[in-house]
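Report on the following structure.
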Amino acid sequence: MNILAIETSCDDTSISILKDEKVISFFVLSQTKKHNKYGGVIPEYASRIHTSKIHGLIQDAIDDSGIKFSDLNSIVVTIGPGLIGTLQVGLIVAKTLSLMLNIPFYKVNHLDAHLYSPFIGKKRDEIPSEAIFLIISGGHTIIGKKINNKLTILGETRDDSIGESYDKVAKILNLSQYPGGPIIDEKFGFLDKKNFKHLKKVPITNLEKYDFSYSGLKSWVNQNINNFSIDEIIYLFQRSAMEQIILKIKKAIDEFNIKNVIIAGGVSANMYLRNKISKIEGLNIFFPKLIYSGDNAAMIGYYFYLFNHLMEKCEYNLDVKPRLKLGEI
Ligand code: KG4
Ligand code: ZN
């Protein structure tokens with residue numbers, strides 16, 4: 001089965017071709033540099049960039065894959081959640097390709113695809129049947145459990161997502177880079193931690209049960225910008241942001257006695273989190289490869305590989321669903 005997958009839910013134009021579970025061609029064109037000067041993604045501008053780049057990227061993906069357009073069996077596209085205009089660019093391209101090549105097209109939920117991204121390249125039966133999962137990204141902070149493929153959400157953020165808090169704090173600190181997560185994580189990596197040990201940690205918002213909250217942490221940074229150096233704030237912020245995540249993971253593995261933990265979404269690239277969590281004994285932790293942690297089309301195509309037997313081909317009057325929730329389609 002040769003699958004062409006399209007992802008345009010935000011500011012990454014991504015095309016991937018898969019032969020069943022294997023990625024045979026993969027491209028991501030990030031727009032971050034273009035949105036950088038505005039301190040965030042400008043939706044209208046993002047749609048225009050997708051529109052100007054997507055066809056060239058599809059041609060590149062085909063050239064790189066070693067197969068021809070006529071060898072494709074299915075087109076798969078993200079229909080949500082995401083920005084309405086950028087999703088529409090991907091969907092209209094998927095419909096047009098489907099019509100021209102006379103092959104069906106299918107829709108995928110971006111969040112569901114993130115969840116399975118750590119397993120890209122693996123066969124269906126290599127995925128653990130039971131797991132606690134976290135989706136931590138620019139738009140979402142979700143913890144849940146997966147039993148077979150039934151997903152139950154245990155908790156979500158009540159305000160900002162964790163990625164959003166990284167982005168906002170980077171802006172407050174004037175790090176002049178969007179998104180802020182990678183730069184904060186990188187700077188944290190270079191800190192000589194022993195110089196910061198004396199600092200009192202920022203009390204975390206520890207909501208009952210499994211919900212998260214990140215707006216308090218952002219406010220703390222806002223209020224303390226003159227009380228600490230930038231390095232000190234980076235140190236305190238990153239540790240506090242990740243403490244909530246680690247706390248809830250520990251709570252869930254204890255409550256449900258599940259030892260497999262899936263962590264996906266853009267923030268799963270975080271090196272501090274990866275190190276910290278690998279030190280918890282007795283867990284099997286599944287992170288995506290770094291190239292598949294952010295938004296990408298390989299995860300969209302892979303989700304189709306996993307679940308195509310349960311999917312129906314789409315009609316040409318299908319619209320995008322910018323507010324789709326995990327597990328919905
Ligand atoms: O999944 P993603 O690419 O897009 C959404 O679907 O939202 O996630 C993007 C988010 C941004 O907020 C970005 O700052 C954050 O992921 N991010 C990170 C790191 N790399 C990306 N946050 C913390 N540490 C990182 N290394
Ligand atoms: Zn995403």
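Treat the numbers as computed from the prediction; the structure is a model and nothing was measured. One-based numbering, in listed order, for ligands and for the atoms of each. Positions are given from 1, in the same order as the sequence printed here.
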Next item on the list: Provide, to 0.1 Å, the distance between atom 24 (N) of ligand 1 and the closest protein heavy atom, together with that atom's residue and name.
Entry: N270 ND2, 2.9 Å
Margin query: If you measure every N or O of D185 against every N or O of ligand 1, does any of those distances drop under 3.5 Å?
Written below: yes
Notebook entry, point to check: Side-chain donor-acceptor pair under 3.5 Å between E7 and H110, yes or no?
Noted result: yes
Notebook entry, point to check: What atoms of ligand 1 come closer than 4.0 angstrom to any heavy atom of G139?
Noted result: 7 (O)
Margin query: Give me the nearest non-hydrogen protein atom to atom 9 (C) of ligand 1 as residue plus atom name, then the distance to 0.1 Å.
Written below: G138 N, 3.7 Å
Margin query: Among all the protein's non-hydrogen atoms, which is closest to atom 18 (C) of ligand 1, and how far away is it?
Written below: G181 CA, 3.5 Å
Next item on the list: Kindly work out whether a path of hydrophobic side-chain contacts (I/L/V/M/F/W/Y, heavy atoms less than 4.5 Å apart) joins I300 to L310.
Entry: yes
Margin query: Using modelled atom types and a 3.5 Å cut-off, is there a donor and acceptor pairing between side-chain atoms of S14 and backbone atoms of A297?
Written below: yes
Notebook entry, point to check: Which atoms of ligand 1 sit under 4.0 Å from any heavy atom of G294?
Noted result: 3 (O)
Notebook entry, point to check: Any side-chain donor paired with an acceptor under 3.5 Å for Q238 and N270?
Noted result: yes
Checklist line | Angle at the Zn ion (ligand 2) (to 10°), with one arm to NE2 of H110 and the other to NE2 of H114 | finding: 90°
Check: Any salt bridge between K321 and E328, counting N to O under 4.0 Å?
Finding: no
Note to self: Please name the atom of D295, limited to N, O or S, that comes nearest to the Zn ion (ligand 2).
What the structure shows: OD1
Notebook entry, point to check: Just one of Y302, F26, F287 clears the ring-ring contact (aromatic ring centres under 6.0 Å, His included) bar with Y292, so which one?
Noted result: F26
Item checked: Atom indices of ligand 1, in the order listed, that fall short of 4.0 Å to a heavy atom of H110 -> 6 (O)
Notebook entry, point to check: Got the closest protein heavy atom to atom 12 (O) of ligand 1, with its distance?
Noted result: D167 OD2, 2.8 Å
Item checked: Sub-4.0 Å heavy-atom contact, H114 with ligand 1 -> yes
Next item on the list: Could you label the plane-to-plane angle of the Y235 and F188 rings as parallel, tilted or perpendicular, counting under 30° as parallel and over 60° as perpendicular?
Entry: parallel
Checklist line | Identity and distance of the protein heavy atom lying nearest atom 17 (N) of ligand 1 | finding: G266 O, 3.7 Å
Next item on the list: Counting heavy atoms only, name the option from V267, I184, D295 that's nearest to atom 3 (O) of ligand 1.
Entry: D295
Next item on the list: Assess whether side chain to side chain contact (heavy atoms under 4.5 Å, CB included) is satisfied between D12 and N296, documenting all intermediate values.
Entry: CA-CA 7 Å; D12 294 300; N296 70 87; over 6 Å; no
Next item on the list: Given salt bridge (Lys or Arg N to Asp or Glu O under 4.0 Å), test E164 with K168 step by step and report yes or no.
Entry: CA-CA 6 Å; E164 203 177 343; K168 287 180 176 171; 3.4 Å; yes
Next item on the list: Identify which one of Y305, F307, F304 satisfies the ring-ring contact (aromatic ring centres under 6.0 Å, His included) criterion when paired with Y106.
Entry: F304
Note to self: Using a 4.0 Å cut-off to any heavy atom of A269, which atoms of ligand 1 qualify?
What the structure shows: 26 (N)
Margin query: Closer than 4.0 Å to some heavy atom of P179 - which atoms of ligand 1 meet that?
Written below: 11 (C), 13 (C), 14 (O)
Margin query: Could you tell me, atom by atom, which parts of ligand 1 come under 4.0 Å of a heavy atom of G163?
Written below: 12 (O)
Note to self: Looking only at side-chain N and O atoms, does S213 offer a donor or acceptor that is under 3.5 Å from a partner on D159?
What the structure shows: yes
Next item on the list: May I ask whether Q238 places a heavy atom under 4.0 Å from ligand 1?
Entry: no
